Amino acid sequence: MKFIVSSTEMLKKLQTLGGIINNNNTMQILDFFLFKLDNNQLDISASDLETTMSAVINVESENQGEIAVPAKLLLDTLKTFPEQPLTFLVLENSVVEISSDQGKYSLAYANAEDFPNPIELQDASKTVITADVLATAINKTLFATGNDDLRPVMNGIFFQFTAEGLKFVGTDAHKLVKYSRDDIKIDDAADFIMPKKPLNLLKNTLSGDESDVLIEYNDSNAKFTFNDFVLTCRLIDGKYPNYEAVIPKENPNKLIIDRQQFLNSVKRVSIFSNKTTHQIRMKIAGAELKISAEDIDYSSKAEERLTCDYQGDDMEIGFNSRFLLEMLANLNASTVQLEMSLPNRAGILTPVDGLEEGEQVTMLVMPVMLGNS
């Protein structure tokens with residue numbers, strides 16, 4: 001088995017696939033890439049049992065065969081080469097020899113039969129989404145997902161496909177983000193919960209790409225096919241919480257403000273907040289927003305005043321500054337709107353501008369109870 005391949009093309013594909021491989025694998029074979037050669041086409045796979053990703057590379061060869069190659073050793077070697085053709089030659093003593101312009105390198109390979117088989121999707125539904133739309137949806141919602149082993153459904157993004165459009169939701173019970181597209185309709189309604197790791201791989205690979213992604217899914221697995229890649233993963237099992245029920249419908253108090261100014265102010269004031277609660281206090285009256293924070297333990301406090309466009313009753317509400325900062329940083333808008341009803345009800349943050357046609361972003365942040373000042 002012998003093939004010739006571009007060093008930089010192989011490195012680029014392997015760096016993407018390398019995101020699958022865990023640092024501490026229970027099975028040694030999971031530290032390897034699977035190489036499947038079929039004449040001029042080399043199919044490379046990486047797996048952690050839950051998620052498998054493969055990529056196709058064009059090579060020069062007239063051979064067929066398959067081996068498993070140690071991932072870290074190969075990646076570390078490829079990173080050192082300038083663009084050049086590399087020749088891979090599989091020898092009989094379980095060694096693969098790589099020849100470059102500079103020299104020769106030998107590494108031990110493993111039996112391909114030990115590599116886990118990819119999951120086959122039975123009775124799968126299908127839909128097609130533009131790569132950049134999917135990457136944006138993941139970007140907008142992934143930061144809001146949880147890390148709670150007792151509530152695994154909150155640790156991923158909820159995909160909801162309907163005839164009205166697409167919805168992607170992330171929540172950890174303190175904050176919630178819903179990203180919607182009403183310009184893409186799906187005939188067969190479906191929903192599933194995608195785990196974080198494959199979402200991060202998709203986000204990094206798809207961003208800025210205008211090509212199509214074929215999504216296939218059933219009750220337990222999902223498969224994403226795009227460009228030269230195929231990603232298959234196990235879905236999170238369970239019922240997603242009724243997120244619509246927690247979004248307050250009546251929010252008479254509306255604050256409209258410059259996003260960057262608001263973000264910078266919260267960032268500065270939050271430095272002086274309690275290091276455990278990260279609490280900031282917002283007092284809104286007329287066209288003035290007063291943001292303050294205090295850490296009694298260290299006798300430190302800060303206060304800033306901003307002008308804003310406010311319609312509603314004077315009110316005082318507290319938020320965890322970290323959640324508010326994450327949300328404001330995640331929006332592309334120059335102006336944002338914060339809708340509120342009562343100091344103990346969630347606030348709804350939405351962009352006023354900066355959205356594409358058919359795109360909607362709704363962010364919900366739970367308040368923190370304020371002590372009397």
Side-chain angles (χ1 to χ4, degrees), residues 5 9-38 41-59 64-75 78 109-129 131 134-135 138 142 145 152 155-157 159 190 192-207 209 211-237:
V5 64
E9 191 186 348
M10 181 175 247
L11 176 61
K12 193 177 172 186
K13 293 277 170 69
L14 292 188
Q15 282 179 319
T16 300
L17 298 182
I20 296 270
I21 298 171
N22 296 326
N23 291 328
N24 299 308
N25 282 314
T26 50
M27 294 168 60
Q28 192 178 0
I29 194 67
L30 299 180
D31 294 327
F32 286 68
F33 290 124
L34 176 66
F35 280 22
K36 279 188 177 181
L37 180 64
D38 186 2
Q41 193 166 295
L42 178 66
D43 194 306
I44 306 175
S45 301
S47 177
D48 68 356
L49 298 181
E50 296 284 318
T51 304
T52 301
M53 193 172 188
S54 62
V56 173
I57 302 180
N58 292 321
V59 298
Q64 293 178 324
E66 52 185 50
I67 57 169
V69 182
K72 188 177 186 309
L73 193 55
L74 182 57
L75 274 170
L78 288 173
Y109 66 82
N111 194 329
E113 290 172 8
D114 297 335
F115 201 84
N117 292 320
I119 298 159
E120 296 293 331
L121 268 71
Q122 307 294 331
D123 305 320
S125 303
K126 295 180 182 180
T127 191
V128 174
I129 299 179
L134 183 56
I138 296 169
L142 190 58
T145 56
N155 297 347
I157 293 177
F159 281 49
F192 52 88
I193 309 168
M194 278 281 294
K196 271 196 182 76
K197 186 174 179 179
L199 287 169
N200 271 310
L201 287 161
L202 287 169
K203 180 184 78 168
N204 296 336
T205 315
L206 298 174
S207 190
D209 190 340
S211 61
D212 285 341
V213 179
L214 170 65
I215 308 176
E216 299 168 76
Y217 45 90
N218 58 20
D219 291 340
S220 50
N221 300 290
K223 182 177 179 181
F224 297 78
T225 306
F226 53 96
N227 297 335
D228 299 325
F229 291 96
V230 177
L231 182 144
T232 310
C233 69
R234 193 161 284 140
L235 298 171
I236 295 175
D237 189 28

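Just so you know, these numbers come straight off a predicted model, no measurement behind them. Counting begins at 1 with the first residue of the sequence. FYI, side chains are in, hydrogens and waters are out, and symmetry mates aren't considered; it's all heavy atoms of this structure.
- Using a 4.0 Å cut-off between charged nitrogen and carboxylate oxygen, Asp228 and Lys13 count as a salt-bridge pair.
- Residues Ala68 and Ile29 come closest through the heavy atom pair CB-CD1, 3.9 Å.
- Between Phe35 and Leu74, the closest side-chain pair of non-hydrogen atoms falls below 4.5 Å.
- Contact detail for Thr52 and Ile20: the closest heavy-atom pair is C-CD1, 4.4 Å.
- Between atom CD1 of residue Ile215 and atom CZ of residue Phe224 there is a gap of 5.0 Å, rounded to the nearest 0.5 Å.
- By the 4.5 Å heavy-atom criterion applied to side chains, Ile129 and Asp212 are not counted as neighbours.
- Each of Ile44, Ile21, Asp48, Thr205 was evaluated against Met53; a single residue qualifies, Thr205, per the side-chain contact (heavy atoms from CB on, under 4.5 Å) test.
- A donor-acceptor contact shorter than 3.5 Å links the side chain of Asp209 to the backbone of Ser211.
- Proximity of Met194 to Cys233: side-chain heavy atoms (C-beta onward) are separated by under 4.5 Å at one or more points.
- Using a 4.5 Å heavy-atom threshold, the side chains of Pro118 and Thr232 count as separate.
- Counting non-hydrogen atoms of other residues, nucleotides and ligands closer than 6.0 Å to NZ of Lys197 gives a total above 12.
- By the neighbour-count criterion of 12 heavy atoms within 6.0 Å, atom CG of Asp219 is sparsely surrounded, having that number or fewer from other residues, nucleotides or ligands.
- Annotation for Lys126 and Leu214: closest pair CB-CD1, 4.2 Å, computed over non-hydrogen atoms.
- With Asn227 contributing its side chain and Phe229 its backbone, the two residues share no donor-acceptor pair below 3.5 Å.
- Of all heavy-atom pairs between Ile119 and Arg234, the closest is CD1-NH2, 4.1 Å.
- Remark: Lys196 NZ to Thr145 OG1 distance equals 3.0 Å, nearest 0.5 Å.
- Taking CG of Leu78 as the reference point, atom CD of Glu9 lies at 12.0 Å (rounded to 0.5 Å).
- Using cut-offs of 30° and 60° for the angle between ring planes, the Phe159 and Phe192 rings count as parallel.
- Taking each heavy atom of Ser54 and Asp43 in turn, the nearest pair found is CB-OD1, 3.5 Å.
- Here the CG-CD1 distance, from Leu206 to Ile138, works out to 6.5 Å after rounding to the nearest 0.5 Å.
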**Asked** Going through the distances and angles, do Asp31 and Lys72 end up as a side-chain contact (heavy atoms from CB on, under 4.5 Å)?
**Response** CA-CA 8 Å; Asp31 294 327; Lys72 188 177 186 309; over 6 Å; no

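- Atom OG1 of Thr16 and atom NZ of Lys12 lie 8.0 Å apart (nearest 0.5 Å).
- Taking a 6.0 Å sphere around CD of Gln64, one finds it holds more than 12 heavy atoms contributed by other residues, nucleotides or ligands.
- Annotation: side chain of Leu199 is in contact with side chain of Ile157 (closest heavy-atom distance under 4.5 Å).
- The shortest side-chain heavy-atom distance between Phe115 and Ser45 falls under the 4.5 Å cut-off.
- The environment of Asn25 atom CG is dense: over 12 non-hydrogen atoms of other residues, nucleotides or ligands sit within 6.0 angstrom.
- When Leu134, Leu202, Val128 are each tested for a side-chain contact (heavy atoms from CB on, under 4.5 Å) with Phe226, only one passes: Leu202.
- Taking CG from Asn204 and CD from Gln15, the interatomic distance works out to 12.0 Å, rounded to the nearest 0.5 Å.
- Closest approach of Ala222 to Leu235, counting heavy atoms only: CB-CD2, 3.7 Å.
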**Request:** Take Leu14 and Leu75 through the side-chain contact (heavy atoms from CB on, under 4.5 Å) test and state the conclusion after the steps.
**Result:** CA-CA 7 Å; Leu14 292 188; Leu75 274 170; 3.7 Å; yes

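- Residues Glu216 and Thr225 are in side-chain contact: their nearest non-hydrogen atoms beyond the backbone lie under 4.5 Å apart.
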